[in-house]
*Asks:* 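I'd like to ask some things about the structure below.
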Amino acid sequence: MITVFSADHALHQSPGELLYSEFVPAFEKPERAELILARVREVGLGEVRGPESFPLEALTKIHAPGLVSLLMTAHEEWSAMGRTGAAYPYTWAARGMRADRVPKNLDGRLGFYSFDCGTPITATSWQAIKASADVALTAAGLVSGGAKSVFALCRPPGHHAGADHFGGYCFLNNAALAAQKLLDDGAARVAILDVDYHHGNGTQAIFYRRNDVLVVNIHADPDQEYPYMLGFADEPGQGAGEGFNVNLPLPWGTEWPAWRAALAAGIQRVTAFAPDAVVVSLGVDTFKNDPISHFLLEHEHFTLMGGMIAELMKPAVFVMEGGYAVAEIGVNAVNVLTGFNDS
Ligand code: 6XA
Ligand code: ZN
């Protein structure tokens, strides 16, 4: 399996995030991608190559131009205002406030185009964000060209990013960009299977009214877990998209048998949809030792997960999402890929 990777991921480094009342070191850090890459090499997964550079038009097929340009210029504007450090949003548009008017002020715009305060923009973040999107687009292009499976070693991750909002460590939705690229290259239908611990609210929102992309999410119950405001079982899609969104929320403390049953149900939905290709939003924060999560999967379950996904018999783009048990992230992520390869 080819891995697509860009060393530019390291240009995004969050200075830290709020955890309850404390400002703590960021969980989403460059070491994550480096350790996954090291494991890819250690097991000899296959060739590692850099991404092609795609034009901004590939990004605005999914994202609002206003979001893309904010991500590109926010830090420059921040500095021009005499501020140091990274640009953090701190105020948001609640119901009853103007959703039809983009604020002129930078703080207003940061809030308008985001939904949390854990996703700061540094002077060099854009280069990493763009490289991560290019990694996903390149991987999708390889699958369009006939590769059976490709690993997009994306960082920063993407599944929380919506068409016009960033948050949850995510800026652009790499999985959505990959799915759109597969469609643009000729696929009639693409399924996105999101196995990250957290609900991929951005991915769901992007495709909620569409029937050419089936979105299946297996994740912690939003009544207990971030992102709290989307990801419930009663969200089937809307309009033409009705019946093309599937949420399979599970409670804190979920172990492999219940997780596996949810995956089997999700796989059944994907099979019934008969997609031409599958994009897997591959988060490994379902691992029992993950510092911010509450599921209890073990190393070998990631191998089994890969094997079950292989049973779909569809070309697959694996797009890296979350996972914060850093010492073990390489083994867990690559176990899914070897499990897929070996079955
Ligand atoms: C914010 C938690 C962000 C979750 C990030 C993640 N405190 N998403 O792993 O998949
Ligand atoms: Zn996650």
Side-chain angles (χ1 to χ4, degrees), residues 9 12-33 35-36 86 88-90 92 114-121 129 132 136 152-162 165-176 192-206 215-231 247-250 252 254 259 262-263 279-297 302 305 318-326 328-329 332-333 336:
H9 77 84
H12 175 66
Q13 186 154 10
S14 164
E17 62 185 79
L18 269 183
L19 183 64
Y20 314 123
S21 57
E22 271 180 277
F23 193 70
V24 301
F27 291 97
E28 200 296 290
K29 52 188 172 189
E31 207 187 346
R32 297 177 58 250
L35 289 172
I36 297 167
Y88 283 82
Y90 76 93
W92 291 274
S114 70
F115 70 97
D116 79 7
C117 66
T119 316
I121 302 170
I129 295 164
S132 192
L153 210 181
C154 291
R155 183 185 170 273
H159 74 153
H160 293 300
H165 47 272
F166 67 95
Y169 315 154
C170 303
F171 300 93
L172 295 176
N173 195 311
N174 305 311
I192 299 180
L193 177 61
D194 188 323
V195 299
D196 188 279
Y197 170 79
H198 302 90
H199 177 251
N201 58 287
T203 312
Q204 168 170 322
I206 286 166
V215 179
V216 177
N217 252 283
I218 303 164
H219 55 277
D221 187 342
D223 271 336
Q224 293 177 298
E225 190 55 80
Y226 184 96
Y228 308 112
M229 288 164 273
L230 204 68
N247 281 330
L248 301 165
L250 296 165
W252 277 12
T254 290
W259 199 94
L263 179 61
V279 174
V280 180
S281 263
L282 176 56
V284 293
D285 37 12
T286 48
F287 181 55
K288 63 176 179 185
N289 293 341
D290 195 276
I292 65 169
S293 306
H294 299 272
F295 283 179
L296 299 169
L297 268 52
F302 292 97
M305 185 189 299
F318 289 89
V319 177
M320 196 64 215
E321 303 282 1
Y324 311 96
V326 173
E328 291 147 310
I329 191 173
N332 291 335
V336 178

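Numbering of ligands and ligand atoms starts at 1, following listing order.
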*Asks:* Working to the nearest 0.5 Å, report the span between CD1 of Ile206 and CG of Asn173.
*Replies:* 4.0 Å
*Asks:* Would you mind telling me if ligand 1 is within reach of the side chain of Glu321, the backbone, both or neither, using heavy atoms under 4.0 Å?
*Replies:* neither
*Asks:* Let me know which of Val279, Val215, Leu263 forms a side-chain contact (heavy atoms from CB on, under 4.5 Å) with Leu193.
*Replies:* Leu263
*Asks:* Out of all atoms in ligand 1, which are within 4.0 Å of some heavy atom of His159? Include the element for each.
*Replies:* 8 (N), 10 (O)
*Asks:* Side chain, backbone, both or neither: which applies to Glu28 and ligand 1 if a contact is any heavy-atom pair less than 4.0 Å apart?
*Replies:* neither
*Asks:* Would you say that His160 contacts Tyr169 through its side chain, given a criterion of any heavy-atom pair below 4.5 Å between the two side chains?
*Replies:* no
*Asks:* Just give me the atom name: the N, O or S atom of Asp285 closest to the Zn ion (ligand 2).
*Replies:* OD2
*Asks:* By number and element, which atoms of ligand 1 are closer than 4.0 Å to a non-hydrogen atom of His160?
*Replies:* 4 (C), 5 (C), 6 (C), 8 (N), 10 (O)
*Asks:* Just need the protein heavy atom nearest to atom 3 (C) of ligand 1, so name the residue and atom and give the distance.
*Replies:* Tyr226 CE2, 3.7 Å
*Asks:* Hydrogens and angles aside, do His199 and Asn201 bring a side-chain donor and acceptor to less than 3.5 Å of each other?
*Replies:* no
*Asks:* May I ask you to check whether Asp196 brings an N, O or S atom to under 2.8 Å from the Zn ion (ligand 2)?
*Replies:* yes
*Asks:* As an exercise, identify every atom of ligand 1 less than 4.0 angstrom from a heavy atom of Gly168.
*Replies:* 5 (C)
*Asks:* Is there a side chain to side chain contact (heavy atoms under 4.5 Å, CB included) between Thr286 and Phe302? Walk through the geometry before answering.
*Replies:* CA-CA 9 Å; Thr286 48; Phe302 292 97; 3.3 Å; yes
*Asks:* Any N/O/S of His159 under 2.8 Å from the Zn ion (ligand 2)?
*Replies:* no
*Asks:* Of the backbone atoms (N, CA, C, O) and the side-chain heavy atoms from C-beta on, which set of Tyr324 has a member under 4.0 Å from an atom of ligand 1: side chain, backbone, both, or neither?
*Replies:* side chain
*Asks:* Taking atom NE2 of His219 and atom NE2 of His159, what is their separation to the nearest 0.5 Å?
*Replies:* 10.5 Å
*Asks:* Within a strict 4.5 Å, meaning less than it, do heavy atoms of the Ser114 and Thr119 side chains meet?
*Replies:* no
*Asks:* So how far is it from Cys154 SG to Ile36 CD1, rounded to the nearest 0.5 Å?
*Replies:* 10.5 Å
*Asks:* Using a 4.0 Å heavy-atom cut-off, say whether Asp285 meets ligand 1 through its side chain, its backbone, both or neither.
*Replies:* side chain
*Asks:* Numbering the atoms of ligand 1 from 1, which are under 4.0 Å from a heavy atom of Asp196?
*Replies:* 8 (N), 10 (O)
*Asks:* Closest to the Zn ion (ligand 2), which N/O/S atom of His198 is it?
*Replies:* ND1
*Asks:* In terms of side-chain heavy atoms, does Asn174 have a donor or acceptor partner in Ser132 at a distance below 3.5 Å?
*Replies:* yes
